[in-house]
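Here's the structure, in structure tokens; my notes come after.
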Amino acid sequence: MIDSGKKQRTAEAKSRVHRRVYAAVDSDNYEFIPAKKEIDYYDNDVPQRVAIYVRVSTDNIQQTSSYELQKKYYEDFVAHHPNWILMRIYADEGISGTSLARRDEFNKMIADCRAGKIDMIITKSVSRFSRNVVDCISIVRMLAELSHPVGVFFESECIFSLKDDSQMALSFLATMAQEESHTRSRSMETSLKMRLDAGLPLTPKLLGYSHDSDGNLVINPDEEATVKLIFYMYLYGYSTADIADALTELGKKTYLGNVRWTSNSIVQVLRNERHCGDVRTRKTFTPSYLNHKSRKNRGDRAQSVYRNHHAAIISRDDYIAVQHLLNNTKYGNKSILPELRVIDSGLLKGFITINPRWAGFKLADYYQAAASINPEISGGEDSHDGFEKQEQEIHIQIEPGEFDLRGFEVARTEFFDAICRPYVIFQDKRIKFSTACVRKFGKENKVELLVHPIDMRFAVRTAAKDSRQAVICSRVSGGIYYPREVSGAAYMETLYQLFRWNTDFKYRVSGTLFQNDDESVYIFNTVDAEAFVKPHMLPEASAAETERGAIKPLSVSGSRVRIVPENWANSFGNEYYLHRHYYPPIESQDKNDWKIRTEGRLIETGVKLRVTGIDELKRFIKQELSGSATEGTTDE
């Protein structure tokens, strides 16, 4: 059934619409105001302030000619439009179009557009304006949305950005321009790879060298002494800032011809392997062709090393020594190449001193040093895992009347956890001794750190006044000594590897004090280390373990769970005679057994470096610095 009322209402609504559409306009009370004419590139009768943007990709002489021709062409181009005013030609030379970085003139032009100084920009093509599709589209839209819109005319493509139908064509052409840059980038990458594979490394301009007619590096006699002076001064102990000041004072020129040197420019010379006759390729690479930001090549790209590629100015050993010194400056090392010393007698036999500011010694070096005085250690040369210590037999002799203590144990101090307990904590590349330790040392708070890589023991002893390995283990306040954190950034990773520890864990090890007159040493057995782990790092219990009952940690310390060695579960401590073997009582030791302050025997580790002798360094430096203010410091 049809609803007659609804049908009538629909008809009335249509009638009202008809009356409104055909309503008569009262001409006496109506005024029409036309819109301003839209700006169009083809309108010569509209006054417009015009900016020209030109860019060439490189700064060679052929492109410079193109650059000048573009400028002249557009000057004449604007002159043929009487209502156009040429505000300025913005020109970037030798700058890539894939990024806005360093395009100073382009950025200045956009700033002038924002300031209302420009009505229209004319450029040769989309690729000249930008080879980055995101930059191109976003900038064009931003200019169109200004309170005083600015249009961009791309001459080759005949596109004016303020026209409604320009967006799709502009987006497509901007994408093509970007892809063209991508193709060129891949082509250059392929060309470089082919060159390197063919044994033709790039050898750009370098201080101390020139190129012969075949493009090979040959020593430049006018610059050779400058390079050698830089390396020799650094080996002698000068800082990079000292060397920069000396060269500036002498008027020596950088490879760019500058007479003012900086610390960074000195480091660049010291880091360049070409000064020792080698060439390493692909030290940096550019991941993105859009931003051109280079990154250090840490295995991301293939590299080649050409040794003895050309004549060397400094020896390879001097170069390697300098790299070791540079690598360790971040740890505060300022000395000549540190030495590794192992103690060959006394209470600390087999212990090796740790240099707190040197990261150059690795596991193999420590094992090599330990093997030099421990004939019972065997193993391969190339792997520290191959080193094994033969178990030493312990002979127990019971005198008549003595009580046989076999089967008895010396209780672990860790179970008592008293405030006066001596221990050391390893955490986050830092070491911190307990209050009991540092107060035993008292004012003798300059200490040396030692490690026994085979027995996996760690030691700290009072240091001699002239020790170059000393660190400060405490601070004093009101005459009372408190623990002070010791930085372990240089050597902590190696220690964790030696002790087979997890770098994510915090470790605490109890120690035993040995003291004689003014000599003191704490020895810590890292095999008995307690670990403190964040709860989320705990492994999940297996199904079998769950059946036996819930597994609960020994205790919770702050936000961490305390984990103890497995062998603690069935014992109170070390067997009595084994304990005496590791920690012999003081009264049973003679003077030769003691010798806490023994310096240790020098060990040659790895490949022996034949670094230029100190006398030769001093002679050459004095010769080159003759008459400068820095000269006198070589006598120190």
Side-chain angles (χ1 to χ4, degrees), residues 331 351-356 359 361-363 366-367 370 384-385 411-438 440-441 447-461 471 473-474 482-513 521-539 551-569 571 573-574 579 582-583:
Y331 304 123
F351 277 88
I352 300 163
T353 52
I354 297 173
N355 190 302
F361 297 127
K362 303 301 180 185
L363 264 67
Y366 283 103
Y367 280 114
H384 65 269
D385 293 331
R412 302 182 189 280
T413 59
E414 295 89 342
F415 290 150
F416 302 99
D417 209 9
I419 298 176
C420 60
R421 171 184 162 197
Y423 59 81
V424 59
I425 290 176
F426 299 82
Q427 181 185 11
D428 298 332
K429 295 186 178 181
R430 297 190 302 273
I431 290 175
K432 189 174 183 180
F433 296 97
S434 66
T435 303
C437 286
V438 300
K440 277 291 183 182
F441 288 142
V447 297
E448 289 180 342
L449 310 177
L450 306 98
V451 62
H452 196 303
I454 307 305
D455 289 343
M456 295 178 67
R457 288 189 288 169
F458 179 78
V460 55
R461 67 179 179 182
V471 294
C473 68
S474 65
Y482 297 93
R484 178 179 182 268
E485 286 187 341
V486 178
S487 174
Y491 55 87
M492 191 68 81
E493 182 179 348
T494 304
L495 283 187
Y496 267 65
Q497 292 174 353
L498 281 171
F499 301 149
R500 298 178 177 85
W501 285 349
N502 188 319
T503 53
D504 294 325
F505 295 177
K506 166 185 172 181
Y507 290 91
R508 181 173 67 187
V509 191
S510 293
T512 301
L513 173 67
V521 61
Y522 272 102
I523 299 179
F524 306 86
N525 188 1
T526 63
V527 175
D528 289 332
E530 303 167 84
F532 293 85
V533 186
K534 292 184 177 179
H536 71 271
M537 295 182 181
L538 288 174
I551 298 175
K552 296 182 179 179
L554 176 65
S555 62
V556 176
S557 176
S559 61
R560 294 177 181 256
V561 177
R562 179 189 180 201
I563 299 177
V564 301
E566 186 178 0
N567 63 314
W568 289 17
S571 67
N574 290 325
H579 184 86
Y582 280 116
Y583 306 108

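Everything quoted here is computed from the prediction, not taken from an experiment. Here, residue 1 is the first one in the sequence, and each next residue gets the next number.
Between Phe441 and Phe433, a ring centre-to-centre spacing not shorter than 6.0 Å is recorded.
Across all non-hydrogen atoms, the minimal contact from Met456 to Asn525 is O-OD1, 3.8 Å. Nearest approach of Cys473 to Val438, heavy atoms of both residues: O-CG1, 3.5 Å.
Taken to the nearest 0.5 Å, the CG atom of Asp528 stands 11.5 Å off from the CZ atom of Arg457. Residue Ile354 holds its CD1 atom at 6.5 Å from CD1 of Ile431, rounded to the nearest 0.5 Å. With values rounded to the nearest 0.5 angstrom, Tyr491 atom OH is found 10.0 Å from Asn355 atom CG. Interatomic distance, CG of Leu495 versus CG of Leu363, reported as 9.5 Å (0.5 Å rounding). Rounding to the nearest 0.5 Å places CD of Glu530 at 14.5 Å from CZ of Phe505. Once rounded to the nearest 0.5 Å, the distance linking CG of Leu450 with CD1 of Ile352 reads 9.0 Å.
Residue-environment remark: CD (Gln427) exceeds the threshold of 12 foreign heavy atoms within 6.0 Å.
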What's the verdict on ring-ring contact (aromatic ring centres under 6.0 Å, His included) for Phe426 and Phe458, showing C-alpha distance, side-chain angles and the deciding distance? CA-CA 11 Å; Phe426 299 82; Phe458 179 78; 5.2 Å; yes
Does the side-chain contact (heavy atoms from CB on, under 4.5 Å) test come out yes or no for Ser434 and Tyr522, once each step is laid out? CA-CA 11 Å; Ser434 66; Tyr522 272 102; over 6 Å; no
Checking side-chain contact (heavy atoms from CB on, under 4.5 Å) for the pair Ile454/Tyr367: CA distance, chi angles, key distance, verdict? CA-CA 8 Å; Ile454 307 305; Tyr367 280 114; 3.6 Å; yes
Worked verdict on Arg484 versus Val471 for side-chain contact (heavy atoms from CB on, under 4.5 Å): CA-CA 10 Å; Arg484 178 179 182 268; Val471 294; over 6 Å; no
Show your reasoning for whether side chain to side chain donor-acceptor pair (under 3.5 Å) applies to Ser510 and Arg421. CA-CA 7 Å; Ser510 293; Arg421 171 184 162 197; 2.7 Å; yes
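The backbone N or O of Arg430 sits nowhere less than 3.5 Å from a side-chain atom of Asp428 that would complete a donor-acceptor pair. Between the Lys362 side chain and the Ala359 main chain, a donor and an acceptor come within less than 3.5 Å of each other.
Using a 4.5 Å heavy-atom cutoff, the side chains of Lys506 and Ile425 are in contact.
Just one of Leu449, Val424, Val486, Ile523 meets the side-chain contact (heavy atoms from CB on, under 4.5 Å) condition when paired with Val460; it is Leu449.
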